[in-house]
Protein chains: 2
Amino acid sequence: MYSKELLKGTLTAIILKLLADHEKMYGYEISQHVKELTGGKIHLKDGSLYPALQKMTADGLLSYKEEYIGKRVRKYYFLTKKGQKEKIAYLEELRDFIGTLNKIVFPQLKSI
Amino acid sequence: MYSKELLKGTLTAIILKLLADHEKMYGYEISQHVKELTGGKIHLKDGSLYPALQKMTADGLLSYKEEYIGKRVRKYYFLTKKGQKEKIAYLEELRDFIGTLNKIVFPQLKSI
DNA sequence: TTTGATACATCATAATTCTATGTATATTCG
DNA sequence: CGAATATACATAGAATTATGATGTATCAAA
């Protein structure tokens with residue numbers, strides 16, 4: 001696990017990217033997927049993920065529909081039109097930022 | 001400029017890296033250097049930089065000595081032994097994090 | 001002489017994630 | 001069957017950290 005502050009500002013981009021690739025996912029699924037993808041290095045906590053999904057929904061980036069698996073509810077989130085558009089800007093900013101960081105901190109490496 | 005949250009957690013690593021390369025720098029110099037290096041994309045604000053330097057000093061990563069240029073004081077910061085050691089871990093963590101992020105968000109690129 | 005650059009500082013605010021806690025259902029294993 | 005674990009959501013308070021606003025003061029250049 002990384003020092004917690006590093007993740008700041010990247011969570012929205014990560015969620016946007018996953019939903020862009022998967023069409024619909026529920027919260028628990030997202031957290032499991034991220035854990036797998038990163039070999040356990042990024043572990044989204046409940047207290048981070050669910051409020052983030054709610055905020056993104058309030059901001060109009062996401063929408064969801066509930067499905068019942070037996071008696072248990074799942075909220076399947078998906079990108080809205082707005083989310084699809086803003087995803088591009090979010091990821092572009094993140095990519096640019098990562099490139100900039102690399103230039104400062106690891107100048108011996110080729111920038112991505 | 002990036003959305004401010006992106007910078008979180010990276011400022012300490014950036015400062016450690018610059019001081020590792022330059023032996024001693026003062027605050028204003030650091031902010032100018034970062035601005036130049038990044039083509040203005042990262043602009044450390046006074047209200048971010050000076051408290052960060054103070055905190056890192058309190059944490060034992062940095063030390064400084066004052067020099068007078070005319071009547072104006074400059075605080076030249078430099079890495080302590082502890083700072084030199086921890087710099088390695090900080091940068092390694094950052095590098096690993098960037099690599100992990102890339103794998104999630106830009107899987108089509110080769111990881112760095 | 002006045003503007004902008006240099007050089008430091010602090011405080012209240014904002015934004016975001018985490019910890020802790022809670023509720024409840026489903027599955028697996030001894 | 002019963003207990004432990006996994007699934008699935010949620011919220012509230014705490015912690016962290018960068019920012020904006022503001023302040024002080026010196027120096028160089030126009």
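Hydrogens, waters and symmetry mates are skipped; everything else that's a heavy atom, side chains included, is used. To find a chain, count down the sequence lines: A is the first, B the second, and so on, and within it residues start at 1.
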[N] [atom2] sits how many Å from [X] [atom1], rounded?
| X | N | atom1 | atom2 | answer |
| --- | --- | --- | --- | --- |
| A:His33 | D:dT7 | NE2 | C1' | 18 Å |
| B:Met56 | D:dT17 | CE | C1' | 14 Å |
| B:Glu29 | C:dT6 | CD | P | 12 Å |
| A:Arg74 | C:dA24 | CZ | P | 20 Å |
| A:Leu6 | D:dT16 | CG | P | 15 Å |
| B:Tyr68 | C:dT6 | OH | P | 20 Å |
| B:Glu66 | C:dT6 | CD | P | 20 Å |
| A:Ile30 | D:dT7 | CD1 | P | 15 Å |

>> Through direct or indirect side-chain contacts below 4.5 angstrom among Ile, Leu, Val, Met, Phe, Trp and Tyr, which residues connect to B:Ile88?
In response: none
> Residues in side-chain contact (heavy atoms from CB on, under 4.5 Å) with B:Glu92, at least two apart?
Replying inline: B:Arg95
> Do the rings of A:Tyr64 and A:Tyr77 sit parallel, tilted or perpendicular, given the 30° and 60° boundaries?
Replying inline: tilted
>> So does B:Val34 get a backbone contact from the side chain of B:Thr38, meaning a donor-acceptor N/O pair under 3.5 Å?
In response: yes
Taking 4.0 Å as the cut-off, does a side-chain nitrogen or oxygen of [X] come that near to OP1 or OP2 on [N]?
| X | N | result |
| --- | --- | --- |
| B:Tyr50 | C:dA9 | no |
| B:Gln54 | C:dT10 | yes |
| B:Tyr26 | C:dA7 | yes |

>> Hydrophobic clusters here meaning ILVMFWY residues chained together by side-chain heavy-atom distances under 4.5 Å, can you tell me if B:Leu19 and B:Phe78 are in one?
In response: no
>> Within the 4.0 Å limit for protein heavy atoms, which parts of nucleotides 18-30 of chain D are touched? Write it as a string from 5' to 3', B for base, S for sugar-phosphate only, - for none.
In response: SBB-----BS---
>> Within the 3.5 Å criterion, strictly below it, is a donor on B:Tyr2 or A:Asp96 matched to an acceptor on the partner's side chain?
In response: yes
>> Between B:Arg72 and B:Glu67 (salt bridge meaning N to carboxylate O under 4.0 Å), is one present in this structure?
In response: no
> Which listed nucleotide (C:dA9, C:dA7, D:dA10) is nearest to the side chain of A:Lys75?
Replying inline: D:dA10
